[in-house]
2 protein chains.
Amino acid sequence: MKNVTIHEIARALKIDSSTVSRALNNSDRVKESTKKLILKKAEELGYRRNVLASNLRKRKGNTIGVVIPRVSRHFFSSAIAGIEKVAQEAGFNVIISQSLEQFDREERIVENLISNRVDGILISVSMETKKADHLANCIKNGIPFVFFDRHLEGFPESGRVIIDDNFGGFTATEHLINKGCKRIAHFSGPQDLHVYKNRLEGYKKALAKHNLAYSSDTPSRLTEADGTLLAKKILKDFKDIDGAFFANDISAIAAMKYLKKAGIRIPEDIAIVGFSNEPMSEVIEPSLTTIDQSGEIIGKKACELLIDNIAKGNRVFNNEAVVFEPKLIERDSTKK
Amino acid sequence: MKNVTIHEIARALKIDSSTVSRALNNSDRVKESTKKLILKKAEELGYRRNVLASNLRKRKGNTIGVVIPRVSRHFFSSAIAGIEKVAQEAGFNVIISQSLEQFDREERIVENLISNRVDGILISVSMETKKADHLANCIKNGIPFVFFDRHLEGFPESGRVIIDDNFGGFTATEHLINKGCKRIAHFSGPQDLHVYKNRLEGYKKALAKHNLAYSSDTPSRLTEADGTLLAKKILKDFKDIDGAFFANDISAIAAMKYLKKAGIRIPEDIAIVGFSNEPMSEVIEPSLTTIDQSGEIIGKKACELLIDNIAKGNRVFNNEAVVFEPKLIERDSTKK
DNA sequence: TTGTAGGCGTTATCAA
DNA sequence: TTGATAACGCCTACAA
């Protein structure tokens, strides 16, 4: 399986490979006529630049690594869409990997990206991530990264693009209050992640503002199974609530399914608000009131910031914290 | 930003870099004691193998490229899960790219993968894909690929892992017939793709078997918007149908939403069957009867086949066509 | 068990 | 405008 190289083109044309290289890179230091000749011969021989060799020589590969919990979550797949758009325009390739919410997977992925000499990393950390040695490694290796959505503290070098989860939690909760709910429960996620901690804070703030009692369960991982479990708990331990704010849609929807089967009327008995605006939330009945995070915009912005930092050649990092304001999407699960 | 190389380790230890290389590759042709020494020094210096250089030298990169229409479709994200599992065990990296159903994107992606010298490609083609020059290019460059789900004809070199869409279409349609439907419409996808053509064939076969009349619309791309459009057409041109088989869940669900608003009762007025078993199909009311494609199993099998072919060093390709039988998931949208 | 030497395919620097 | 040469970092015959 012989691969055509610049040397073969050079040999065929009886010129030097360095000239071929220049021509293929469209340098202006090569005569137009020979350039044409070279391009033609390259086409003819089916030449294809060996990106590995080129990157090795240039010590960079024009590649951005993206690390997310899972591609199947709507927020993340929209973020990817935004990232790819920006990256492509700037001539970067994108490598996507999913941690599946597992810290060890996340570690391996980041190690791998470093080893592959990516130019930068966009990351939304897993639910298990508490330490950040793997990210410290990036810095050590001169690879800039930008957090989006789920971030960690302690990285003055790196930017982050997030939403105001505190505001989101506050808005969700106050919406329930405005609808007349008096006993509102909140079901949160891992508190090591700011997104969940802040949603909880926002919830508390809204309660405090309106002088209502606090009623929250221990945080879960907010999977579908967790949602079902939480619904059972509601029927057992939170029997008197009239409103519930779930920290994501997946758990909220699973809970709704269970509660409906148990004869609880939504929103009459319990009004419900989710978080993320998964496509499913529009489909379930009653449709689920939720908070939209506009993943595509966040992805775009994060990618811009990263490319900016890559361009800066990691001298002075742009460690901006861009914060978007999430939007309440009012639907039937709170329509009283 | 100095990167630690094997040479620096060698210099620090006053030995040759080739010994270092051997030690780092855990060769048994280096004394245990020096190996220990080298590993320790490597750790100490924060050495990290330059995968680019290593791959260049070895002329292969232990990487599999995956090309799919979109990550946000349940079938594809489950397929990815299966692929990653198998790939990881075999020590391969996985690069995921989405064509977004656009042929030119798909072409670019494949070109890119070839340029990056991936060891093999797993692909499920876009709805726009009719030609396959880009894949012929893979063969020409000695890169094996395996189709999964959406495949093309004319590649005797490459295997494929698919489901029996004909059977799926037949099963879906006969299910409607068994439920008492007499006038069943089918809404298909691009006929260049075998999956949709075969689902249509299966539909026809079931009708023929039961002596029922055929009633199908021109194929669409089966997006959400298409689903809404199809629902409008049903109200206008297919007013008398009592059953509908959609070639995917996304369009079926969009249609259901519209029909419900228009006062059509499901399944009483029209029974509906989708295809793919998207998570949403379980959530909508009535829950949607559909055909499950078991993405993870397909992904796994496809990846195994590919790795098999990679191992064969593209001498004799395993061009097996593995066909899985899809399963009907009966839900409320056909419960008469 | 270790060292020597050369090359994977490109690109950058210098000289012509 | 072109050519010669070295280097990017690693691996692997071959020799010692």
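So you know, we letter chains A, B, ... as the sequences are listed, proteins then strands, and number each from 1.
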Under 3.5 Å, side-chain donor or acceptor atoms of residues 107-114 of chain A against the rest of the protein: list the pairs with distances, not counting sequence neighbours.
from     : atom 1 : to       : atom 2 : distance (Å)
A:Glu111 : OE1    : B:Arg48  : NH2    : 2.1
A:Glu111 : OE2    : A:Asn137 : ND2    : 3.1
A:Glu111 : OE2    : B:Arg48  : NH2    : 3.1
A:Asn112 : OD1    : A:Asn116 : ND2    : 3.0
A:Asn112 : ND2    : B:Asn93  : OD1    : 3.4

Net bend of the helix from C:dT1-D:dA16 to C:dA16-D:dT1, end axes of five pairs each, nearest 10 degrees: 40°
Figure out the [atom1]/[atom2] separation between [X] and [N], and round it to whole Å.
X        : N      : atom1 : atom2 : value
B:Leu13  : C:dT2  : CG    : C1'   : 13 Å
A:Glu32  : D:dT1  : CD    : C1'   : 12 Å
B:Lys14  : C:dT2  : NZ    : C1'   : 17 Å
A:Asn55  : D:dC10 : CG    : P     : 15 Å
B:Asn3   : D:dA7  : CG    : C1'   : 15 Å
B:Leu37  : C:dT2  : CG    : P     : 10 Å
B:Lys36  : C:dT1  : NZ    : C1'   : 16 Å
B:Asn141 : C:dG9  : CG    : C1'   : 15 Å

Would you please name every residue forming a ring-ring contact (aromatic ring centres under 6.0 Å, His included) with A:His194, sequence neighbours left out? A:His151
Can you sort out the partners of B:Phe145 under ring-ring contact (aromatic ring centres under 6.0 Å, His included), two or more places apart, ordered by chain and number? B:Phe147, B:Phe155
Hey, could you give me each pair passing salt bridge (charged side-chain N to carboxylate O under 4.0 Å, His left out) that has a residue in residues 17-39 of chain A? Not counting sequence neighbours. A:Glu32-A:Lys35
Can you list every salt bridge (charged side-chain N to carboxylate O under 4.0 Å, His left out) pair that touches residues 146-155 of chain B, not counting sequence neighbours?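 Residue pairs with at least one partner in residues 146-155 of chain B: B:Glu101-B:Arg150.
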Charged N to carboxylate O below 4.0 Å: is that the case for B:Glu296 and B:Lys85? yes
Salt bridge flag under 4.0 Å for residues A:Arg105 and B:Glu84: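 Counted as a salt bridge, because a side-chain N and a carboxylate O are separated by less than 4.0 Å.
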Got a sec, which residues hit salt bridge (charged side-chain N to carboxylate O under 4.0 Å, His left out) with B:Glu44, two or more places apart in sequence or on another chain? B:Lys41
What is the per-nucleotide protein-contact pattern of nucleotides 10-16 of chain C, from the 5' end, where B denotes a base atom under 4.0 Å from a protein heavy atom, S denotes such proximity for sugar-phosphate atoms only, and - denotes neither? BBBBB--
Over all strands shown, is B:Leu52 touching base, sugar-phosphate only, or nothing at heavy-atom distances under 4.0 angstrom?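 Contact class for B:Leu52: none.
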Is there any side chain to side chain donor-acceptor pair (under 3.5 Å) pair reaching into residues 121-134 of chain A, and which pairs are they, with sequence neighbours excluded?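 Qualifying pairs: A:Glu106-A:Thr129, A:Glu106-A:His134, A:Ser126-A:Thr129, A:Glu128-A:Arg221.
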